[in-house]
There are 2 protein chains.
Amino acid sequence: MANKLDSAFAALSDPTRRAIIERLVTGPATVSDLAAPHDMALPTLMRHLKVLETCGLVRSVKKGRVRTCHIEAGPLMDVQGWLEWQRRVWEGRLDRLSALAHDIDRSN
Amino acid sequence: MANKLDSAFAALSDPTRRAIIERLVTGPATVSDLAAPHDMALPTLMRHLKVLETCGLVRSVKKGRVRTCHIEAGPLMDVQGWLEWQRRVWEGRLDRLSALAHDIDRSN
DNA sequence: GCAATACTTAGCGTTATGGCTAACAAACTT
DNA sequence: AAGTTTGTTAGCCATAACGCTAAGTATTGC
């Protein structure tokens with residue numbers, strides 16, 4: 001099974017899927033709701049939804065003939081966590097560099 | 001030309017490329033340095049590097065026969081920015097929900 | 001019951017992705 | 001000058017991704 005970050009980043013690399021997420025952060029929506037703004041065949045959009053569900057970014061429940069989708073924050077946090085970690089290391093490096101520069105400066 | 005977020009997220013969806021980023025946040029490295037930990041043919045790794053360069057996550061300079069790569073923070077910030085935005089909307093929604101719950105509670 | 005609605009499944013075609021090998025080019029080393 | 005190191009280019013293969021249409025399955029409304 002591939003890393004969770006793999007599938008989360010991959011899912012978010014598609015503009016249609018990001019648009020779906022952007023919609024869902026404002027609240028739950030049905031499949032038709034989600035499809036409406038996208039000039040795209042329904043099965044195609046459904047597949048995007050499935051990608052989002054597979055990586056855990058979206059969950060859904062079907063009631064009658066209507067499926068309602070909602071967002072799941074977990075994977076977004078994972079992604080944000082990874083980015084935050086990189087930023088910290090990066091900034092740590094900058095700190096060390098400026099500390100080094102400061103040391104060099106003092107030694108002159 | 002595709003959205004910058006598309007290519008940044010796509011670039012980060014591959015574990016090899018994330019590993020390269022994880023290495024580069026600690027400081028610049030040559031192509032060989034970057035290739036060393038990955039049991040992978042050099043041209044394959046070069047292509048990963050090219051993907052990272054194409055989306056602006058990595059830049060490199062060649063001196064003699066050695067190419068040195070360094071990270072570029074911009075695209076990472078873009079990605080983080082998008083995530084942050086979603087989180088804000090999401091949390092805003094929660095705030096409104098709890099406010100609503102509070103109102104309902106008071107009205108009883 | 002019949003028709004419309006809201007998905008859902010199946011299958012097709014094109015393009016992109018991630019891996020490889022083989023062969024080439026340029027720059028050090030000896 | 002010859003050989004080693006460090007990329008680089010070209011091309012092949014297999015799989016996955018993204019779009020479609022057509023046809024099927026439940027629900028719901030009339």
Side-chain angles (χ1 to χ4, degrees), chain A residues 1-24 27-71 75 79, chain B residues 1-24 27-70 75:
Chain A
M1 133 176 152
N3 193 315
K4 278 198 295 184
L5 284 177
D6 290 15
S7 53
F9 272 117
L12 295 172
S13 72
D14 184 275
T16 302
R17 288 192 294 259
R18 281 202 311 281
I20 291 174
I21 295 294
E22 287 168 13
R23 167 64 187 78
L24 287 179
T30 69
V31 171
S32 301
D33 287 346
L34 293 173
H38 302 284
D39 188 16
M40 187 175 285
L42 195 58
T44 303
L45 194 122
M46 284 288 296
R47 189 130 66 152
H48 284 303
L49 266 178
K50 193 173 181 182
V51 170
L52 290 169
E53 285 209 52
T54 298
C55 75
L57 274 164
V58 166
R59 298 222 183 142
S60 66
V61 276
K62 192 164 184 180
K63 196 162 197 173
R65 60 188 166 175
V66 176
R67 178 174 295 280
T68 302
C69 306
H70 61 94
I71 205 169
V79 168
Chain B
M1 127 176 156
N3 192 314
K4 278 198 296 183
L5 283 177
D6 290 15
S7 53
F9 272 118
L12 295 173
S13 73
D14 184 275
T16 301
R17 289 193 294 260
R18 281 202 311 281
I20 292 174
I21 294 295
E22 287 169 12
R23 167 64 186 78
L24 287 179
T30 68
V31 171
S32 301
D33 288 345
L34 294 174
H38 302 283
D39 189 17
M40 188 175 285
L42 196 58
T44 304
L45 194 122
M46 285 286 298
R47 192 139 71 184
H48 284 303
L49 266 178
K50 193 172 181 183
V51 170
L52 291 168
E53 285 209 52
T54 299
C55 76
L57 274 164
V58 165
R59 296 220 184 144
S60 66
V61 278
K62 193 166 183 179
K63 196 164 198 173
R65 61 186 167 176
V66 176
R67 178 174 296 279
T68 303
C69 306
H70 62 93

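Convention: sequence-line order gives letters A, B, ...; per-chain numbering from 1. Computed from a prediction, not measured in an experiment: that's the story for all the values here. Just so it is clear, the values below take in all heavy atoms, side chains as well, and ignore hydrogens, waters and symmetry mates.
- Taking CG of L45(A) as the start and CD1 of I20(A) as the end, the distance is 4.5 Å to the nearest 0.5 Å.
- Put simply, NZ on K63(B) is 10 Å from P on dC28(C), counting in whole angstrom units.
- Straight-line distance from the CG atom of D6(B) to the P atom of dA16(C): 14 Å, rounded to whole Å.
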Heavy-atom protein contacts under 4.0 Å, nucleotides 2-7 of chain D, coded B base, S sugar-phosphate only, - none = --BBSB
ask   = Between V51(A) and L57(A), is a side chain to side chain contact (heavy atoms under 4.5 Å, CB included) present by the stated rule, with each step listed?
value = CA-CA 9 Å; V51(A) 170; L57(A) 274 164; over 6 Å; no
request  = Please step through side chain to side chain contact (heavy atoms under 4.5 Å, CB included) for the pair D33(A) and T68(A), ending with a clear verdict.
outcome  = CA-CA 9 Å; D33(A) 287 346; T68(A) 302; over 6 Å; no
query = Taking protein heavy atoms under 4.0 Å as touching, what does nucleotides 11-19 of chain D look like 5' to 3' if B marks base contact, S marks sugar-phosphate-only contact and - marks none?
reply = -------BB
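- Taking atom CG of L45(B) as the reference point, atom C1' of dC20(C) lies 14 Å away to the nearest angstrom.
- Remark: the backbone N or O of L12(B) is paired with a side-chain donor or acceptor of R18(B) at under 3.5 angstrom.
- Here R67(A) contributes atom CZ and E53(A) contributes atom CD; the two are 6.0 Å apart, rounded to the nearest 0.5 Å.
- One atom, CG of L34(A), and another, P of dT8(C), lie 12 Å apart when rounded to the nearest Å.
- The backbone N or O of A11(B) sits less than 3.5 Å from a side-chain atom of R17(B), completing a donor-acceptor pair.
- The shortest distance between side-chain heavy atoms of C69(A) and L24(A) falls below 4.5 Å.
- We find the NE2-CG distance between H48(B) and L34(B) to be 12.0 Å, quoted to the nearest 0.5 Å.
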